[in-house]
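In what follows, residues are counted from 1 in the order of the sequence shown.
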Amino acid sequence: QAELVESGGGLVQAGGSLRLSCASSGRTFKFYAMAWFRQAPGKEREFVASISWRGDTTYYADSVKGRFTVSRDNANDTVYLQMNSLKPEDTAVYYCNGDSMMSASAYVERGGRSGFWGQGTQVTVSS
């Protein structure tokens, strides 16, 4: 059983928007910092955004700053990634991660090596 489940991906035209969700299942992640990563075919997995467990601190990769917004609803154990002004280079499988050992800031450089992952959701941006 997956403990994190991503959803909300799809096919959009460049300039469009999508809202991804990462829902917790089987355990609570409301006290975990959480992060979004993405991986495109032939590329390494890369950090996208992270959020503190309270939701009051966020970090973003330079490539998505000003376009993406990460948020969370701890009452529902759900993390979101609002993606606006999408570009073809945003095309990837998007994954969420929760790790008891990570802070939101630590995710930027050191995250993704452990913790819990979801199955990913495909985002495809056409030109």
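- Contact of the Arg54 side chain with the Arg72 side chain is not registered, since no non-hydrogen atoms from C-beta on lie closer than 4.5 Å.
- When the shell of 6.0 Å around CZ of Arg27 is examined, it contains more than 12 heavy atoms from other residues, nucleotides or ligands.
- Side-chain atoms of Ser52 come within 3.5 Å of backbone N or O of Thr57 as a donor-acceptor pair.
- At least one side-chain heavy atom of Gln13 sits under 4.5 Å from a side-chain heavy atom of Ser126.
- In this structure, CG on Leu18 lies 9.0 Å from OH on Tyr94, to the nearest 0.5 angstrom.
- Taking the ring centroids of Phe116 and Phe29, they lie under the 6.0 Å cut-off.
- Scanning both residues, Ala92 and Ala40, for their nearest heavy atoms gives CB-N, 3.8 Å.
- The distance from atom CG of Asp77 to atom SG of Cys22, rounded to the nearest 0.5 Å, is 9.5 Å.
- With values rounded to the nearest 0.5 angstrom, Thr91 atom OG1 is found 9.0 Å from Lys43 atom NZ.
- Remark: aromatic rings of Phe47 and Trp36 are distant, center separation not under 6.0 Å.
- Under the 4.5 Å side-chain criterion, counting only non-hydrogen atoms from C-beta, Gln119 is in contact with Glu6.
- In this view, Ala33 and Tyr107 satisfy the side-chain contact (heavy atoms from CB on, under 4.5 Å) rule, not counting sequence neighbours.
- Rounding to the nearest 0.5 angstrom, the gap separating the CZ atom in Phe68 from the OG atom in Ser85 is 9.0 Å.
- In this structure, CZ on Arg67 lies 12.0 Å from CD on Gln82, to the nearest 0.5 angstrom.
- Proximity of Val93 to Val123: side-chain heavy atoms (C-beta onward) are nowhere separated by under 4.5 Å.
- Between Trp53 and Tyr32, the gap from one ring centroid to the other reaches at least 6.0 Å.
- Under the 3.5 Å distance criterion, with hydrogens and angles disregarded, a donor-acceptor pair is assigned to the side chains of Asn84 and Ser17.
- Shortest non-hydrogen contact noted between Gly8 and Thr121 is N-OG1, 4.0 Å.
- Put simply, Tyr60 and Leu86 are part of the same group of oily side chains (I, L, V, M, F, W, Y) that touch within less than 4.5 Å, one to the next.
- In the hydrophobic clustering of this structure, Trp117 groups with Val108; members are Ile, Leu, Val, Met, Phe, Trp, Tyr whose side-chain heavy atoms approach within less than 4.5 Å, directly or through other members.
- At distances below 3.5 Å, at least one donor-acceptor pair connects side-chain atoms of Thr78 with backbone N or O atoms of Asn76.
- Here the side chains of Arg110 and Asp99 are not in contact, with every heavy-atom distance at 4.5 Å or above.
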(message) side-chain contact (heavy atoms from CB on, under 4.5 Å), that's the test. Do Val79 and Val70 meet it? Break it down for me.
(response) CA-CA 7 Å; Val79 181; Val70 62; 3.9 Å; yes
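- Using a 4.0 Å cut-off between charged nitrogen and carboxylate oxygen, Lys87 and Asp90 do not count as a salt-bridge pair.
- In this structure, Leu4 is not a member of the same hydrophobic cluster as Tyr80, with clusters built from ILVMFWY side-chain heavy atoms closer than 4.5 Å.
- Taking each heavy atom of Ala104 and Ser50 in turn, the nearest pair found is O-OG, 2.7 Å.
- Atoms CD and CZ, on Glu44 and Phe37 in that order, are 13.0 Å from each other to the nearest 0.5 Å.
- Taking 4.5 Å as the limit, some side-chain heavy atom of Leu20 sits within range of a side-chain heavy atom of Met83.
- Without hydrogens or angle criteria, Asn97 side chain to Gly118 main chain gives no donor-acceptor distance under 3.5 Å.
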